[in-house]
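Proteins get letters first, then strands, A, B, ... in listed order; numbering begins at 1 in each. Because the structure is a prediction, the values reported are computed rather than measured.
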Protein chains: 6
Amino acid sequence: MMAASVLPPLPRARVKQAVAQALAEDLGDAGDITSTAVLHADARAKAQIIAREAGRVAGLDLAAAAFRAVDPEIALTLRSADGASIAAGAALLDVEGNARAILAAERVALNFLGHLSGVASATHAIVGAVSDRKAKICCTRKTTPGLRIFEKHAVCAGGGVNHRFGLYDGILIKDNHIAIASGVGPAIEAALAHAGHMVNVEVEVDTLDQLHEALIHPVDAVLLDNMTPSELSQAVKIINGRIISEASGRVTVETAPAIAATGVDYISVGWVTHSAPCLDFGLDYASTD
Amino acid sequence: MMAASVLPPLPRARVKQAVAQALAEDLGDAGDITSTAVLHADARAKAQIIAREAGRVAGLDLAAAAFRAVDPEIALTLRSADGASIAAGAALLDVEGNARAILAAERVALNFLGHLSGVASATHAIVGAVSDRKAKICCTRKTTPGLRIFEKHAVCAGGGVNHRFGLYDGILIKDNHIAIASGVGPAIEAALAHAGHMVNVEVEVDTLDQLHEALIHPVDAVLLDNMTPSELSQAVKIINGRIISEASGRVTVETAPAIAATGVDYISVGWVTHSAPCLDFGLDYASTD
Amino acid sequence: MMAASVLPPLPRARVKQAVAQALAEDLGDAGDITSTAVLHADARAKAQIIAREAGRVAGLDLAAAAFRAVDPEIALTLRSADGASIAAGAALLDVEGNARAILAAERVALNFLGHLSGVASATHAIVGAVSDRKAKICCTRKTTPGLRIFEKHAVCAGGGVNHRFGLYDGILIKDNHIAIASGVGPAIEAALAHAGHMVNVEVEVDTLDQLHEALIHPVDAVLLDNMTPSELSQAVKIINGRIISEASGRVTVETAPAIAATGVDYISVGWVTHSAPCLDFGLDYASTD
Amino acid sequence: MMAASVLPPLPRARVKQAVAQALAEDLGDAGDITSTAVLHADARAKAQIIAREAGRVAGLDLAAAAFRAVDPEIALTLRSADGASIAAGAALLDVEGNARAILAAERVALNFLGHLSGVASATHAIVGAVSDRKAKICCTRKTTPGLRIFEKHAVCAGGGVNHRFGLYDGILIKDNHIAIASGVGPAIEAALAHAGHMVNVEVEVDTLDQLHEALIHPVDAVLLDNMTPSELSQAVKIINGRIISEASGRVTVETAPAIAATGVDYISVGWVTHSAPCLDFGLDYASTD
Amino acid sequence: MMAASVLPPLPRARVKQAVAQALAEDLGDAGDITSTAVLHADARAKAQIIAREAGRVAGLDLAAAAFRAVDPEIALTLRSADGASIAAGAALLDVEGNARAILAAERVALNFLGHLSGVASATHAIVGAVSDRKAKICCTRKTTPGLRIFEKHAVCAGGGVNHRFGLYDGILIKDNHIAIASGVGPAIEAALAHAGHMVNVEVEVDTLDQLHEALIHPVDAVLLDNMTPSELSQAVKIINGRIISEASGRVTVETAPAIAATGVDYISVGWVTHSAPCLDFGLDYASTD
Amino acid sequence: MMAASVLPPLPRARVKQAVAQALAEDLGDAGDITSTAVLHADARAKAQIIAREAGRVAGLDLAAAAFRAVDPEIALTLRSADGASIAAGAALLDVEGNARAILAAERVALNFLGHLSGVASATHAIVGAVSDRKAKICCTRKTTPGLRIFEKHAVCAGGGVNHRFGLYDGILIKDNHIAIASGVGPAIEAALAHAGHMVNVEVEVDTLDQLHEALIHPVDAVLLDNMTPSELSQAVKIINGRIISEASGRVTVETAPAIAATGVDYISVGWVTHSAPCLDFGLDYASTD
């Protein structure tokens, strides 16, 4: 399993931009009218982000950036890290500073942290379910619009790996390409003829017949879509280690072990990015010194 | 239940901006290198977005805008509308045009549609679970960063109603405000003194004692947080119709009926926006004429 | 009168964005070609922003941000605050640093300060004219495009209060809505049926007949538009404290006292944001040490 | 006086950007919640922008763009043009289309039109006051932040001319430059040595002594700041047509004739852009066919 | 050689953004003050973009977009296409419409077309110099900041192919990685362990010793940097077709044939994107009908 | 020749924006996947930007800003300055910090520095070729889209001067204006009538006849386009110092001396901005302490 320290840092510019967009969404033009009305302009507060349930952390950089964006003078102390497993009740981040500023950033910080830790925790659960097999769990392009880069990072924080980031950094020939290009063979031939030499070519197949046809050509990987475990086992035998094998199709914690047992190299899962439930966090206030 | 036609249209500028951001995320600089390599530049295709499961639709405008943004010459025919209930297998949108362009927009269109229809369907399920009661289901600020405006719209498409859109358009005094302001009473007094005359004041209470203290002041609404159904029933009696009552706290399809039975006016639910699973859609290709 | 310290801080992101836009407008691509030609690159200067006439201050944050945006090493010392009353000749801000940088920011700083202090001073004049009455002076949506958030802030600095910030944070049914909806009653009924529970509903009436019709429904406030003081007095009697009363229509320092004397709760004034003359400030240079 | 047809069109990109910013300010995320609640989604309306007072028009392009940005299907008929003089009651723009869309754009359209026609009308008044003299009325850099390009256009619509647009397109040596550069002479010498050959050099002088010193050098223009009409007359004699003369300093409709009578070539006026009151317009609804 | 029709279209959003940025740079706030002063607002013109020298075309989409962005009513007729070889004097694009608008867009259109056709022509020259060999000419990340996507496109228009678009879509282990990672072997091992399965791994080697060390590991490609033709020949023999070979290092039209003769698969050239001279185009005016 | 210290600083906002755009282009969403895979997250490095060939420096601010934007904790030591002449092997900038961050910024830093130093060096070569004459070398609007402001700065760093920055800050009547306006005379008359008083008017002439016609009017400068040295000499005699003379037309290091010998005031050169080859720089790594 990937150690937390190996996680690449998120690009600073992207973190700032995403946090600014989310704060604009929550603060609008008039700002936090409740705190302005209720709290003194100089009131100070001390608070902690606490996990309300156990899981895997992702998104702490974004949470911290939310407080920093509202008021750079808020003091922040990190007590955890993306990729760490936490128990319910664990403290992740201490904040101390102007009370209005802390409350203005609270929801944005928690929304990022809850969403991304949800992705990390869901990934971690499936990774754990197949930990006795060689199969790696990887994510797809079925991500939440605007958050792909952060969800890809959360998948890594959960112990998974990333497939291509978009349409631009890998060739994956899917059913529709095959249909329009009139067959697996012509589609692969065209891809190999025009692909850059730094890019791999993967082809999606739904049947063993298609797999045989694909293997005639020097593709780098094959995506075995919606096959039963028994079909997958046969496919793995046919491939025989010559190229990378990847299984996909409504993978869950329950179905993953049987799929991994077939010996595939990768299992790609859309669910962890498009349907993982939020992990619950709260901001608990301590009295000000 | 809200008719689809009553839904306000999403602001054009926001739809364009969100779609452009999502397309940039998926296409990067090199674009769809698979379609470029595999498909002829002039290849044309006809396809349909099909629901792979039953649910409530939201996000069709964004899906359509994704195709239009990639190529304004793609012909689009809407076969459904946000707020409509659909069966598995239903066709929602016909697209016809350049094959590369259709494939370039496909995933962005489906990601918006799947996520927002997931929100609408989750809302619709809870709305249905309390349909014999007066309680309205409303959403919270626990939304996906960057997508709040669209998720609020999806909640309406699911038959729910919107609470405030952000910190700027309603006063909600929460536990942290009360703690920092030294009590429910002082917090409410401060809010009433400084609130604009166009804004309502709501106060969150955790106990019946706090409720009694709140009712001393002319607040407009009270948020009864994490109370049991029996506490809620008592609270509704105490309030006695003088102000708006709203219940919150880990509401689900299972727990909502008992909460609604207490007679509260609103039930606010974070789950529909932060944890609703995606509704599954696909783009099915037909051969080109 | 509102103390300066109660003013909520302007959102940092909005201040930075507005200042960047104004500096781009003034500096273009070639920058300050006069200072570049005339002054040595290392020349330093000490200067003060001085009020050329008495008034109420607003916009100091923007003025300071202009200098900081051009050169973060310019030393700034605030000698006043938004919401303060100043005499002619008063010093508001000391700046010291690179001479070219100070001159590059000067006009942008003064333009913000002059415009917003003009708004604050105009508001303050009307607030003063009605200070013996309960009526609060509030502003409208008749603001300078792009500067609404700052003008709303300046109105508060002048002792006024804010009405809704835009079309999104309050329901105000106006003559055109009434015309298109076929009457005051149907318009109000529709608004009450669809308004969120955090939003107040106000209706504009031009006659006492319309007022009577409006009062049949549970609206929260009524805008008495273009009524004479005598009509306003009658209206206040009819309303009898049940809901909020607001008067509007070409209010000036001269007409405000008679309007306030009628007993209305609010007087809304477009003039302070769309037509207030600039307050005059200059940047006076002292010799460098 | 400049004919309306000679006005250069405003750059399309700038008009779109300014209108988008103003609409975002007014509509926020939730949009026009009054019209959404009160009006049917398909309701249509016919309306006209009417002048409530006489004046000079500027900003019609921005007003039209506001309607177009909200809904491109609103039909627009222009009945006037920037630079035209209008009487009270004159119709400027007919709009017809979706009622919600028209109401959503109304205030933004009127705010641009009112502000810029205010600038044009103020300019036109001063231009008229000196029409029997050769002096041209020109504007300054004392403009409303974010709106300079539009206010410069409005000045032309009022019959005035533009001075430099910013610090980047003309050299104007002011008192502070002279102080830091240790005198009029050294400042001018430095400017002439480093100025590009496409740019004119103007120097501001406060006294006739400074004027004499300036005239030793080949400057292109001199700005006579805060001089009395009698000093200006002397200055004009001293200059004797060799270079351009420009007068400045708290110019109004009342003081302009005496200044123009001195024979200066230009009179620059800050008031028309920083303090001109709004011209009043309204949107009058007609019943829908 | 690549046919023009195979070139993927440039993303519409990127073309619009780049053209808007370039027009803003050239037009500023005041616009084309020469044409405004000299030409009648309604003057019309007919003109053609003409090649002043022979070469390969790239950038026509950007040139056309420049005219369209200034005035959508300018009629455009394309007479060539990206990837076409043209003779001196050839007409590429006919424009007809408002004269001021055509002149406002002219320089931006020509700057894009000249720069990108320069890249395409330089590429085409090297491609032609090695056309009797199997080696493909590919570009590098040594591109003009802000224009990489367009220069990559121009390289294809010249008959070359693209290497990775950025640091994000391919692994290339260079000398600095090897130094910091303490050797070719450890660097490759780390890369293979962490690389995604859709990405190829290439390693740069300077000597045949490093090549031998690299070949111990299953890398996909090797970059032979700054080797002499004789070293390259030895390297190709050592590699013996097992992996992709690529040569780099100050490649020009003169040196390319000898490099290609060694049998390498790819020759990467920085010069075509960072130092290719502009191809000369002009806009010739015809009289208006 | 201009001393380096006289160069005006580039606007901070523009430098940050250009660097952010270039980094986004190179890093995409996934970032530097090679360094992430190969280098330890905490690895540190020391490196120097070294000139691989002699030339004139420009763009150091942008290079430094690239490192700072990726990681503000990278320590930077400037060893040269824009406008300095450097020998091959000279060190310009020391960087020390996180190894991944340094490698992520390297290419963007070098691309800016190489391109702009190429412009400065090309300019410097022509300036040197005419250093015994009074003619100044100036640039044109034939710049690389998006980089004009930086290229204009690089021209100054090379000892040249800037012509107008765009269409907005100087009037230059060219052949097309003359054609559409029906003659040199009418074009000049229109320009003089409408030009602002801060702007110079220059007219382009191709023949001595046109020059005579132009000189009838009070223009400020004349652009002698594509004339032979002998024609230029005649033109200079005709002009006789009354107005500024400028020569243009395919100027190179070889042709410039003969042009300068004719006595013209300015020689404008497109080549230095549109076709100057890159100056070669590298980042050399030293071992970490």
Could you tell me which of Ala190(D), Gly166(D), Ala37(D), Ser35(D) has the largest number of non-hydrogen atom pairs under 4.5 Å with chain C? Ala37(D)
As an exercise: rank His177(D), Gln21(D), Lys174(D) by heavy-atom pairs under 4.5 Å with chain C and give me the winner. His177(D)
Less than 4.5 Å to any heavy atom of chain D: does that hold for the side chain of Leu39(C), its backbone, both, or neither? side chain
Tell me, do Thr34(D) and Arg164(C) make a side-chain contact under 4.5 Å, heavy atoms counted? yes
Is it the side chain or the backbone of Phe150(C) that comes within 4.5 Å of chain D heavy atoms, both, or neither? neither
Which atoms of Glu25(C) approach chain D - backbone, side chain, both or neither, heavy atom under 4.5 Å: both
Contact winner vs chain D - Gly114(C), Ala104(C), Gly170(C), Gly118(C), heavy-atom pairs under 4.5 Å: Gly170(C)
Whether Asp26(C) and Arg141(D) form a salt bridge (side-chain N of Lys/Arg under 4.0 Å from carboxylate O of Asp/Glu) is what I want to check. yes
Does any heavy atom of chain D fall under 4.5 Å from the side chain of Val201(C), the backbone, both, or neither of them? neither
Where does Val19(D) contact chain C at under 4.5 Å (heavy atoms): side chain, backbone, both or neither? neither
Go through the atoms of Leu283(D) and report whether side chain, backbone, both or neither lie under 4.5 Å from a heavy atom of chain C. backbone
Does any heavy atom of chain D fall under 4.5 Å from the side chain of Ala179(C), the backbone, both, or neither of them? neither
Engaged part of Leu62(C) at the chain D interface, taking heavy atoms whose separation is under 4.5 Å: neither
For Asp284(C) and Gln48(C), run side chain to side chain donor-acceptor pair (under 3.5 Å): C-alpha distance rounded to whole Å, both residues' side-chain angles, the deciding distance at 0.1 Å, then the answer. CA-CA 5 Å; Asp284(C) 285 357; Gln48(C) 276 192 319; over 6 Å; no
Asp280(C) versus chain D, heavy atoms under 4.5 Å apart: side chain, backbone, both or neither? side chain
Quick one: which of Arg107(D), Glu106(D), Glu189(D), His115(D) has the most heavy-atom pairs under 4.5 Å with chain C, could you say? Arg107(D)
